[in-house]
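Take a look at the structure below.
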Amino acid sequence: LDQCVSRYNDGPGFAVNGYCNEGYFIRCDSYWNADNHDSGGFGDGFIASHYGGDGGYHTYFQYCRAWNNSDDGFDAFISDSGNNGGYITWEHCWAFNNGKATPSGNGAGIKWGGGSQGLTESGVQRIVRYCISASNKAIGIDQSGSNDPSNAYFIGVLHNNFSYANGSQGFYNDISDASYFRNNISYGNTGSNWVDQTGFTDDHNSWNG
């Protein structure tokens, strides 16, 4: 999908789930989506939910923008059994002003990983690079593990991202794994960054001093 717009929907703007391999969203915009049935708590800009298993289902978001949605800008946290087992990449994406339209939305900019019943595949499952997350209701770029060992979590590569003026932390990672945080900038966010530094690479970021 190239240069598509999704707006004013009663639910998410774009959603990909199930058995979807090599899907691309390029230069797509998603804004002012807000579901009425859940008081705004499901009105994401983009949702990616895959089934696990062989094949390595992969979705790419490139140069996409999500703003003024009632829930998150980009959401890859899924609680459905068997989902969330594929690979997702965000490159040059923007997420801003999400979660402010209704009281029930989480309001994260990019929710890149984690799931209560997801599946962990081999290698790096989540890549976030060259992205901007700004002025969202809650966390700018969120791992979404809830610090619960029973939840699924993924190895992520987060390079060269900028998180600015969000209502909570700029970056949040609460489960130790083999992820890589490098060359990220967090500035002017309401909360302090929380990056669990045990067991993975965390250097040359603004919070490393």
Side-chain angles (χ1 to χ4, degrees), residues 7 12-14 28-35 38-48 61 63-78 88-115 126-147 153-154 156-175 179-197 200 202-209:
R7 60 186 179 180
F14 293 93
C28 293
D29 287 344
S30 184
Y31 56 94
W32 283 119
N33 299 294
D35 59 307
D38 193 27
S39 300
F42 198 62
D44 299 299
F46 297 82
I47 289 180
F61 298 101
Y63 300 95
C64 293
R65 301 182 298 181
W67 71 92
N68 289 351
N69 297 290
S70 66
D71 197 16
D72 305 311
F74 298 84
D75 188 356
F77 179 94
I78 302 297
I88 306 172
T89 296
W90 295 264
E91 296 177 312
H92 302 281
C93 292
W94 297 359
F96 54 97
N97 288 339
N98 295 291
K100 297 181 178 180
T102 58
S104 298
N106 296 139
I110 300 175
K111 192 177 286 183
W112 62 268
R126 301 290 189 262
I127 297 175
V128 185
R129 55 192 176 194
Y130 311 113
C131 293
I132 297 174
S133 184
S135 297
N136 297 290
K137 175 183 176 181
I139 300 170
I141 299 179
D142 184 15
Q143 188 267 342
S144 299
S146 300
N147 203 20
Y153 59 92
F154 312 111
V157 171
L158 286 84
H159 288 175
N160 299 88
N161 301 294
F162 182 40
S163 189
Y164 170 71
N166 294 287
S168 186
Q169 293 90 348
F171 292 81
Y172 194 92
N173 186 86
D174 58 2
I175 295 181
S179 294
Y180 303 85
F181 282 71
R182 181 169 287 161
N183 295 345
N184 300 293
I185 295 175
S186 179
Y187 179 73
N189 300 287
T190 301
S192 299
N193 295 297
W194 178 263
V195 178
D196 189 335
Q197 299 180 7
F200 70 95
D202 175 28
D203 60 49
H204 294 84
N205 303 292
S206 63
W207 58 84
N208 297 133

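Only this structure's heavy atoms are used, side chains among them; waters, hydrogens and symmetry mates stay out. Treat the numbers as computed from the prediction; the structure is a model and nothing was measured.
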Between P12 and the options D72, D71, I47, the side-chain contact (heavy atoms from CB on, under 4.5 Å) test singles out I47
Given the options C64, S163, C93, C131 meets side-chain contact (heavy atoms from CB on, under 4.5 Å) only with C93
Report the distance from atom CG of N166 to atom OG1 of T190, rounding to the nearest 0.5 Å.
-> 8.0 Å
Distance, nearest 0.5 Å, that separates OG of S186 from CZ of F162 | 8.5 Å
Residue pair I132 / Y164, side-chain heavy-atom distance below 4.5 Å | no
Close side-chain approach of R126 and W90, heavy atoms under 4.5 Å | yes
Search all heavy atoms of V128 against all heavy atoms of W112 and return the closest pair with its distance.
-> CG2-CB, 3.9 Å
Could you pull out the closest heavy-atom pair between A34 and S70, with the gap in Å?
-> CA-OG, 3.3 Å
Once you measure the plane-to-plane angle for [X] and [Y], does it fall in the parallel (<30°), tilted (30-60°) or perpendicular (>60°) bin?
X: W67; Y: F96; value: parallel
X: H92; Y: Y63; value: parallel
X: F74; Y: F46; value: parallel

N161 and N184 side chains, donor-acceptor separation under 3.5 Å = yes
Donor-acceptor side-chain pairing of N69 and N98 below 3.5 angstrom = yes
